[in-house]
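Here is the structure we will look at, set down as C-alpha cells.
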There are 2 protein chains.
Amino acid sequence: MTSPPGDNQDDRRDGGVAFLLAQLGAHAAAAFAERVRPLGLTPPQAGVLRRLGEVPGQSQRGLADALGMHAPRLVALIDELEDRGLVVRDRDIDDRRNYAISLTDEGRGTLAELARVAREHELAIVAALDDDDRSQLLVLLRRLAEEQGLTPGVHPGFRRMGRPG
Amino acid sequence: MTSPPGDNQDDRRDGGVAFLLAQLGAHAAAAFAERVRPLGLTPPQAGVLRRLGEVPGQSQRGLADALGMHAPRLVALIDELEDRGLVVRDRDIDDRRNYAISLTDEGRGTLAELARVAREHELAIVAALDDDDRSQLLVLLRRLAEEQGLTPGVHPGFRRMGRPG
DNA sequence: GAGAACGATTACAACTTGTAATTGTTACTG
DNA sequence: CAGTAACAATTACAAGTTGTAATCGTTCTC
C-alpha cells in the first residue's frame, strides 16, 4: 500500500493523475482550438503547417505518417490549405507519384502567427505556476510521455477536431 | 532553426506543457477506454455508474448536469445500462416527471470492477514516477485545473467516446 | 381549471472519420 | 522490353456520434 487510508483519494478517479491529465488535456486541446480558430485553422491543420515549417517538401504520405493520420484525411486538409494559398503541391521530379508539399510566403506568415498563438496558449495554461514549478512539471510530464511511448509532437487527437469558424 | 540553445523550447508546441497535457490526456483517455471495454462499458457510461454510486436516486436531468452532457445523450446511455440490468428507473413519487436512477446489485458489482480497473489505470499512467514525484505532480496538476476553472470529476470529453467492443 | 414550465423522450440533421476501390507512376523480373 | 507488382494520391462510400428541435406527459401557478 502506498497510500494510507487518509489520503488514498490519490488514485480516485476524480482526483487521480490519470483523470486530471485527461481532463486538463481535453481542456488544453479545446482552448487551443479556440485560439487558432481566428486564424481560420483547425488544430490538425496547425499541426500540418508546423510540420511543413520544420521539414518542407515532404510527400503527403510522409506528412501523414509523421502526424499519425490517414492519407485520405490529409488530402482534405491539404486541399483546404492549398485553396487558401498557404501551401503548394509540387510534383517530385524524381518520382512523379509524390507531391512535394511546401509553405507559401503567406503560409509562412500564418505559421508565424501560429507560433505567437501557441506561445500565448502555453502561458495561459501554466499561468498558475511560477518558473520553478513549470520546469518541474515539464520534467514530470516528459517522463510520463516517454514511459507511455508517446512520440514527441504527435497528437493522438489529430484525427478528430472541429472545423474553424 | 532546429533547437535553439537554452530552455526556450519550453513553450514550443511539441515540448510545452500545454501540448504535453493534450497528448498525455488523449493517451490516458484512450487507455482508460481500452481498460473499461472488457467490462462492456464506455467512459461516459463509467462516469454515469460512478456518479450513481456516489449519489443514488438522481434524476436524469441532475445526472446530465453533473456530468456535463446533454439530456438526449444521457437517455441513450441509461437505456443501455438499464437493458443490461445495471441500473433501474424508478418514478419519483413526489414528482412523477422525474425518474430516480439507481444502481442494481449487478450494477454495484460492475462499479466495484470499475474501481479496480481505474486503480490499475492510474498506476499504469504514473508508473514512471516514484511516490514523491506522484504527489508533486498531483499538486501541480490540481493547481492548473483549479486555475482553469475545471470542475472536479467532470470530463469535458464525456460527450464523445467510442462504443464498447 | 387553463396556461406556463419542466423532465423525459423521440426524431432528425450535421459532422467527422475509417475503409475500400480507382488512377497514375515507378520498380522489379522473366 | 513487356508485364506484373508495389506505391502515392485520390475519390467514393459507409458508419458512427453528437447537437438541435419538436413531442408527450406531469406539475405548478394564477
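Just so you know, these numbers come straight off a predicted model, no measurement behind them. Every chain is numbered from 1, with letters handed out A, B, ... down the list of sequences.
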* To do: Find which nucleotide of DNA chain D each of A/Pro72 and A/Asn98 is nearest to by heavy atoms, and output the residue with the more 5' nucleotide.
  =>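 The answer here is A/Asn98.
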
Rounded distance in Å - [atom1] ([X]) to [atom2] ([N]):
| X | N | atom1 | atom2 | answer |
| --- | --- | --- | --- | --- |
| B/Arg73 | C/dT10 | CZ | P | 15 Å |
| B/Leu63 | C/dA8 | CG | C1' | 13 Å |
| A/Arg61 | D/dA6 | CZ | C1' | 11 Å |
| A/Asp79 | C/dT16 | CG | P | 15 Å |
| A/Ile78 | D/dA9 | CD1 | P | 10 Å |
| A/Glu80 | C/dC15 | CD | P | 13 Å |
| B/His70 | C/dC12 | NE2 | C1' | 16 Å |
| B/Leu77 | C/dT9 | CG | P | 12 Å |

* Mind jotting down which residue pairs meet the salt bridge (charged side-chain N to carboxylate O under 4.0 Å, His left out) criterion with at least one end in residues 15-34 of chain A? Sequence neighbours excluded, please. =>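 Pairs touching residues 15-34 of chain A that pass the test: A/Glu34-A/Arg37.
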
* **Sorted by number, the residues of residues 85-97 of chain B with heavy-atom contact under 4.0 Å to DNA chain C** =>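 Listed by number, they are B/Arg89, B/Arg97.
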
How many angstroms lie between [atom1] in [X] and [atom2] in [Y], if you round to the nearest 0.5 Å?
| X | Y | atom1 | atom2 | answer |
| --- | --- | --- | --- | --- |
| B/Ser102 | B/Gln58 | OG | CD | 10.0 Å |
| B/Leu86 | B/Thr110 | CG | OG1 | 4.5 Å |
| A/Ile101 | A/Leu81 | CD1 | CG | 9.5 Å |

* Asked: So, A/Gln23 and B/His155: side-chain donor and acceptor under 3.5 Å apart, yes or no?
  ->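 There is no such pair (donor and acceptor under 3.5 Å, judged by atom type) between the side chains of A/Gln23 and B/His155.
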
* Structure fact -> Hits for side chain to side chain contact (heavy atoms under 4.5 Å, CB included) against B/Thr104, two or more places apart or cross-chain, chain-then-number order -> B/Val88, B/Glu106

